[in-house]
Amino acid sequence: MENKIDFQMTAVEKQAIQDAIELIKTNTPWRIVLTPDERSASIHLGEKSFALVEKTRDYMLQNPHLVPSYIDVPAFLHDVDAARNLNEMLRLLAPVTQSLEDTLTLTGMDAMAAAMVFYNAVKIAAQNNVEGAEVIYTDLKQRFVNRGRKPAPDAGTAV
């Protein structure tokens with residue numbers, strides 16, 4: 001059985017990562033959490049839209065006489081700067097997040113493959129009345145309840 005990735009995260013490494021994440025949380029007290037509905041109803045600022053926003057900022061600053069009085073220009077400028085900074089932070093985090101997800105995928109595949117080999121060995125051991133195997137098999141097989149084949153129609157029932 002091939003193990004695609006093998007490493008152990010030390011307690012020191014884990015704590016350093018957790019501390020770094022806490023530092024990010026501490027330094028972003030203005031973070032917002034949207035509900036799924038709010039998220040789907042929101043406008044997502046892609047590259048083209050952000051380019052429009054930045055051009056608009058420039059035009060507003062160069063032509064204040066064209067800016068409607070009901071636009072809060074300082075708040076708009078704060079939003080533009082915040083969006084630019086957040087976009088940059090997300091671009092820096094994206095490769096890290098993706099590589100952590102990829103690493104999780106490989107470690108999960110390795111772990112599940114070994115778990116399934118053990119499960120099948122215990123299943124065979126339980127079928128052969130090996131001491132202790134039945135208890136382990138009964139516990140592990142709960143993961144697979146309701147995942148089997150659909151029951152065959154009753155032989156006496158007309159189809």
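Treat the numbers as computed from the prediction; the structure is a model and nothing was measured.
Using a 4.5 Å cut-off between side-chain heavy atoms of Ile, Leu, Val, Met, Phe, Trp and Tyr, with links allowed through other members, M112 and M109 fall into different hydrophobic clusters. Follow the hydrophobic side-chain contacts under 4.5 Å out from I43 and you never reach V53; the two are in separate clusters.
Annotation: the span from K55 atom NZ to F50 atom CZ amounts to 13.5 Å, rounded to 0.5 Å. Note that CG of L140 and CE of M116 are 9.5 Å apart. Values are rounded to the nearest 0.5 Å. Atom CE of M9 and atom CD of Q15 lie 11.5 Å apart (nearest 0.5 Å). Taking CE of M60 as the reference point, atom NE2 of H65 lies at 13.0 Å (rounded to 0.5 Å). Atom CG in L90 sits 8.5 Å away from atom OG1 in T97 (nearest 0.5 Å).
Between the side chains of T28 and R31, at least one donor N or O sits under 3.5 Å from an acceptor N or O. Defined by atom type and a distance below 3.5 Å, a donor-acceptor pair is present between the side-chain atoms of D102 and Q98.
Under the 4.5 Å side-chain criterion, counting only non-hydrogen atoms from C-beta, K141 is in contact with Y119.
The two residues F76 and T56 come nearest to each other via the heavy atoms CZ-CG2, 4.2 Å. Among all heavy-atom pairs drawn from T107 and L104, the shortest one is OG1-O, 3.1 Å. A133 and A126 get closest at one heavy-atom pair: CB-N, 3.6 Å. When all heavy atoms of E38 and V33 are compared, the pair lying nearest together is OE1-O, 4.4 Å. L34 and R39 make their closest contact through O-NH2, 2.7 Å (heavy atoms, listed as atom of the first residue, atom of the second, distance). Residue K4 comes nearest to L106 through the heavy atom pair CD-CD2, 3.8 Å, listed as atom of the first residue, atom of the second, then distance.
D139 places no side-chain N or O within donor-acceptor distance of the main-chain N or O of V135, the cut-off being under 3.5 Å. When atom types are taken as modelled, the side chain of N3 and the backbone of D110 share no donor-acceptor pair closer than 3.5 angstrom. Proximity of a side-chain donor or acceptor of N63 to a complementary backbone N or O of L66 within less than 3.5 Å is not detected.
Salt bridge annotation for R91-E88: absent, with no cationic side-chain nitrogen under 4.0 angstrom from a carboxylate oxygen. Residues D81 and R84 are paired through a salt bridge, judged by an N-O separation under 4.0 Å between the basic side chain and the carboxylate.
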So L45 and N87, side chain to side chain contact (heavy atoms under 4.5 Å, CB included) or not? Walk me through it. CA-CA 10 Å; L45 199 60; N87 196 31; over 6 Å; no
For I136 and F118, run side chain to side chain contact (heavy atoms under 4.5 Å, CB included): C-alpha distance rounded to whole Å, both residues' side-chain angles, the deciding distance at 0.1 Å, then the answer. CA-CA 10 Å; I136 296 169; F118 178 78; 4.0 Å; yes
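The list of side chain to side chain donor-acceptor pair (under 3.5 Å) pairs with a residue in residues 120-135, not counting sequence neighbours, reads E134-T138.
In E47, the CD atom is not crowded: 12 or fewer heavy atoms of neighbouring residues, nucleotides or ligands sit closer than 6.0 Å.
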